[in-house]
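Remarks on the structure that follows.
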Amino acid sequence: MLAVCGIVRQNGRVLVCKRAPGMQFSGFWELPTEGLEGDDCTEDALERGFFERLTAKICTLVPVGAVDFLCGEGYRLLAYDVELEKNFFHIYGYNDFRWVKPRHLWRLRVLEPHRVILKGLEFF
């Protein structure tokens, strides 16, 4: 399976979202993430996810890396640096969100693939 995540930075912090009850890995934190559906290209899936989950529009997307991990049949997570047109107002499909300083990310239960992406970008 293929999924995409967006790294949104603001004032020296990164946006992380907490997975809602009933979701796989409930209670874990992750970068805003969306799975690909049908013939989606990665950019379209990420734009859809940000609009549906955060009511935010993406201004720019820049690919920064990928990580493969085992879960069922296996996954690949593609990461993009994301700049938003404006701040978002609502979250849907997540239980909570935070703007976290990189040095404080280790305090949260961040999903391992997201931790690997952030570590590769020297967030930890």
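In this structure, the side chains of Phe50 and Pro32 come closer than 4.5 Å at one or more pairs of heavy atoms. Taking 4.5 Å as the limit, every side-chain heavy atom of Lys119 sits out of range of all side-chain heavy atoms of Ile117. A heavy-atom distance below 4.5 Å is found between the side chains of Leu54 and Leu15. Using a 4.5 Å heavy-atom cutoff, the side chains of Ile58 and Leu84 are in contact. Counting only heavy atoms from C-beta outward, the side chains of Phe69 and Leu111 never approach each other to under 4.5 Å. Side-chain contact between Asp96 and Cys17 is absent, with no heavy atoms from C-beta onward closer than 4.5 Å.
When the salt bridge (Lys or Arg N to Asp or Glu O under 4.0 Å) test is applied to Glu47, no partner is found at least two apart in sequence or on another chain. In this structure Asp68 satisfies the salt bridge (Lys or Arg N to Asp or Glu O under 4.0 Å) test together with Arg76, sequence neighbours excluded. For Tyr80, the side-chain contact (heavy atoms from CB on, under 4.5 Å) partners two or more places apart in sequence, or in a different chain, are Val4, Thr42, Glu43, Leu46, Leu61, Pro63, Leu78, Val82. Listed by chain and number, the residues in a side-chain contact (heavy atoms from CB on, under 4.5 Å) with Met23 are Arg19, Ala20, Arg53 (sequence neighbours excluded). Every side-chain contact (heavy atoms from CB on, under 4.5 Å) that Arg48 has, sequence neighbours left out, goes to Glu34, Glu37, Asp40, Ala45, Glu52.
Atom CD of Glu83 sits about 4.5 Å away from atom SG of Cys59, to the nearest 0.5 Å. Separating the CZ atom in Phe28 from the CZ atom in Arg115 is a distance of 9.5 Å, to the nearest 0.5 Å.
Under the side chain to side chain contact (heavy atoms under 4.5 Å, CB included) test applied with His114, the options Val67, Val16, Thr33, Leu105 reduce to a single match, Thr33.
Of all heavy-atom pairs spanning Tyr94 and Glu30, the tightest one is OH-OE2, 2.9 Å. Considering all non-hydrogen atoms of both residues, Gly6 and Leu31 come closest at O-CB, 3.7 Å. In plain terms, the two heavy atoms of Leu108 and Arg98 that are nearest each other are CD2-NH1, 3.2 Å. Leu36 and Cys41 get closest at one heavy-atom pair: CD2-C, 4.3 Å. Between Pro21 and Ser26, the shortest heavy-atom distance links the atoms CA-OG, 3.2 Å. Contact record, Arg13 with Trp99: NH1-O, 3.6 Å, taken as the closest heavy-atom pair.
The list of salt bridge (charged side-chain N to carboxylate O under 4.0 Å, His left out) pairs with a residue in residues 57-67, not counting sequence neighbours, is empty.
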